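The block underneath contains the structure these notes are about, expressed in C-alpha cells.
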Amino acid sequence: MRLIPAVLCSCMLFAFGCSSDRFPTAPVVRPDSVANYRVTFVSTWSDTSHPVQFPTSAHFSGLIGATHSDQVEFWREGQLASPGIQAMAELGSKSPLDGEITSAILAGTARDTISGGAIARSPGQVSLETQVSLAHPLVTLVTMIAPSPDWFVGVGGLALLQSNRWVDSLTVELYGWDAGTDDGVTYIAMNAPAAPHVPISRLENGPFLVGGQVPSLGTYTFVRLR
C-alpha cells in the first residue's frame, strides 16, 4: 500500500498533493450521498524509530476532530493555533476544540464531531468510524504527542471525495507538528509559554531528526465501509 505524508488537504487538495492508494471505484456521488469510513490510527513511534530522548511514558491522547466543508479550517501549517488546538497539543484535552467544532456545526460548515480513544502506550493502534457527505467531505483529526510541550499529529481538511467519487481507502503518514504555543524543545521540557505564539510548523529537528531523516510517527488509514 502506497503511503502519503500527513498534510493539510482540502477538496481541491490545495496543500501537498494528497492522493488515494488506488483509483476510487465508487460511483459518482449523488447530492444526498453519504459515505461511512473506518479510521485506524497506527502509532509506530518507539525507541527504535525515534531513539533520541524517547520518553518512557510515550502515548497519544484521545482522537478529536470533525467532518466538515472547505468553509472552515481548524488548523493549518503557517497559521496560529486556536485555543482548541493549543489545549489539545499541550494537554491532550478535547476541549475547547470540541466547542469550536460545535460552533462550526451550528454554522453549517461542519457535519459531525469525531471523538475516539487514546493510545495508552506507543506503539499501538486505535480505530473509530465516521461519516462524510457531499456537503462535508473533509476530515480533520488530531491527537497530542505525549508527553510533549505542544506537539501533535493529525490531518486538517483531508479530502475523502476526489473527482466526485468517494475514495475506497487512503493511508496517510503522520509527522509531528509544533503548535507554536510553548517554547519547549524536548518531550519533558518544563512549561514555557511562547510569547507571542508562533505559527504551526512541522517538527523536523530535535528528537524527530534521526540519522539525518525524519521518520514518521505512524499512519491514519481511512477505509470506506459503504
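Note that the coordinates shown come from a computational prediction; the quantities given were computed from them, not determined experimentally.
Between H59 and R121 the shortest heavy-atom distance is CB-N, 4.2 Å. Across all their heavy atoms, G156 and T140 have their closest contact at CA-OG1, 3.5 Å. When all heavy atoms of F54 and S122 are compared, the pair lying nearest together is CZ-O, 4.4 Å. Minimum interatomic distance between V155 and F222 (heavy atoms only, all atoms of both residues): CG2-CZ, 4.5 Å. Closest non-hydrogen pair, W166 versus V132, comes out as CZ3-CG2, 3.5 Å. Counting all heavy atoms, side chain and backbone alike, A104 lies closest to V72 at CB-CG2, 4.2 Å.
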Query - side chain to side chain contact (heavy atoms under 4.5 Å, CB included) between L170 and L158, intermediate numbers included - result: CA-CA 10 Å; L170 182 64; L158 179 72; 3.8 Å; yes
Query raised in the report: Given R224 and V167, is the side chain to side chain contact (heavy atoms under 4.5 Å, CB included) satisfied, shown in steps?
Result: CA-CA 7 Å; R224 185 168 59 88; V167 298; over 6 Å; no
Report task. Just do the side chain to side chain contact (heavy atoms under 4.5 Å, CB included) check on V142 and V153 with the steps written out, would you? Result -> CA-CA 6 Å; V142 291; V153 299; over 6 Å; no
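Here the CG-OG distance, from L134 to S33, works out to 7.0 Å after rounding to the nearest 0.5 Å. Between atom OG1 of residue T109 and atom NE2 of residue H68 there is a gap of 9.0 Å, rounded to the nearest 0.5 Å. For the atom pair I85 CD1 and I200 CD1, the distance stands at 6.0 Å (nearest 0.5 Å). If you take CH2 on W177 and CD on E204, they are separated by 8.5 Å, rounding to the nearest 0.5 Å. The structure places OG1 of T181 at 5.5 Å from NE2 of H197, a figure rounded to the nearest 0.5 Å. Interatomic distance, H136 NE2 to L161 CG, rounded to the nearest 0.5 Å: 13.0 Å.
Using a 4.5 Å heavy-atom threshold, the side chains of Y37 and Q131 count as separate. Residues I64 and I114 form no side-chain contact, since every pair of their non-hydrogen atoms from C-beta on lies 4.5 Å or further apart. You'll find the side chain of D150 reaches within 4.5 Å of the side chain of D178, heavy atoms only. The shortest side-chain heavy-atom distance between V210 and P51 falls under the 4.5 Å cut-off. A 4.5 Å side-chain heavy-atom check between T143 and F41 finds at least one atom pair inside the cut-off. In this structure the side chain of Y187 never reaches within 4.5 angstrom of the side chain of T56, judged on heavy atoms.
F152 and L80 fall into different hydrophobic clusters, defined by Ile, Leu, Val, Met, Phe, Trp and Tyr side-chain heavy atoms under 4.5 Å apart, directly or through other members. Cluster membership check: I105 shares its hydrophobic cluster with F74, using side-chain heavy-atom separations under 4.5 Å among Ile, Leu, Val, Met, Phe, Trp and Tyr. Transitive grouping of hydrophobic side chains (ILVMFWY, heavy atoms separated by less than 4.5 Å) brings L128 and V126 into a common cluster. L209 and V185 sit in two unconnected hydrophobic clusters of ILVMFWY residues. Membership requires side-chain heavy atoms under 4.5 Å apart, directly or through other members. There is no path of hydrophobic side-chain contacts, each under 4.5 Å, that joins W75 to V198.
No hydrogens or angles considered: nothing links the side chains of T221 and T40 as a donor-acceptor pair under 3.5 Å. S216 and W45 are not linked by any side-chain donor-acceptor pair at a separation below 3.5 angstrom, with hydrogens and angles left out of the test.
The number of heavy-atom neighbours closer than 6.0 Å to CD1 of I188, taken from other residues, nucleotides and ligands shown, is 12 or below.
One N or O on the side chain of T67 and one on the backbone of D112 form a donor-acceptor pair closer than 3.5 Å. A donor-acceptor pair under 3.5 Å links the side-chain atoms of S69 to the main chain of Q71, judged by distance alone. Panel note: side chain K94, backbone G65; no donor-acceptor pair is recorded below 3.5 Å. In this structure, D182 contributes its side chain and A192 its backbone to a donor-acceptor pair below 3.5 Å. When atom types are taken as modelled, the side chain of S43 and the backbone of P123 share no donor-acceptor pair closer than 3.5 angstrom. Although no hydrogens or angles enter the test, the distance criterion places no donor-acceptor pair under 3.5 Å between the side chain of W151 and the main chain of L203. In this structure, the side chain of S61 engages the main chain of M144 through a donor-acceptor pair within 3.5 Å. A side-chain donor-acceptor contact under 3.5 Å links Y220 to the backbone of L141.
For P83, the side chain to side chain contact (heavy atoms under 4.5 Å, CB included) test picks out P96, E100, with sequence neighbours left out. With sequence neighbours excluded, the residues satisfying side-chain hydrogen bond (donor to acceptor under 3.5 Å, both in side chains) with Q86 are E90.
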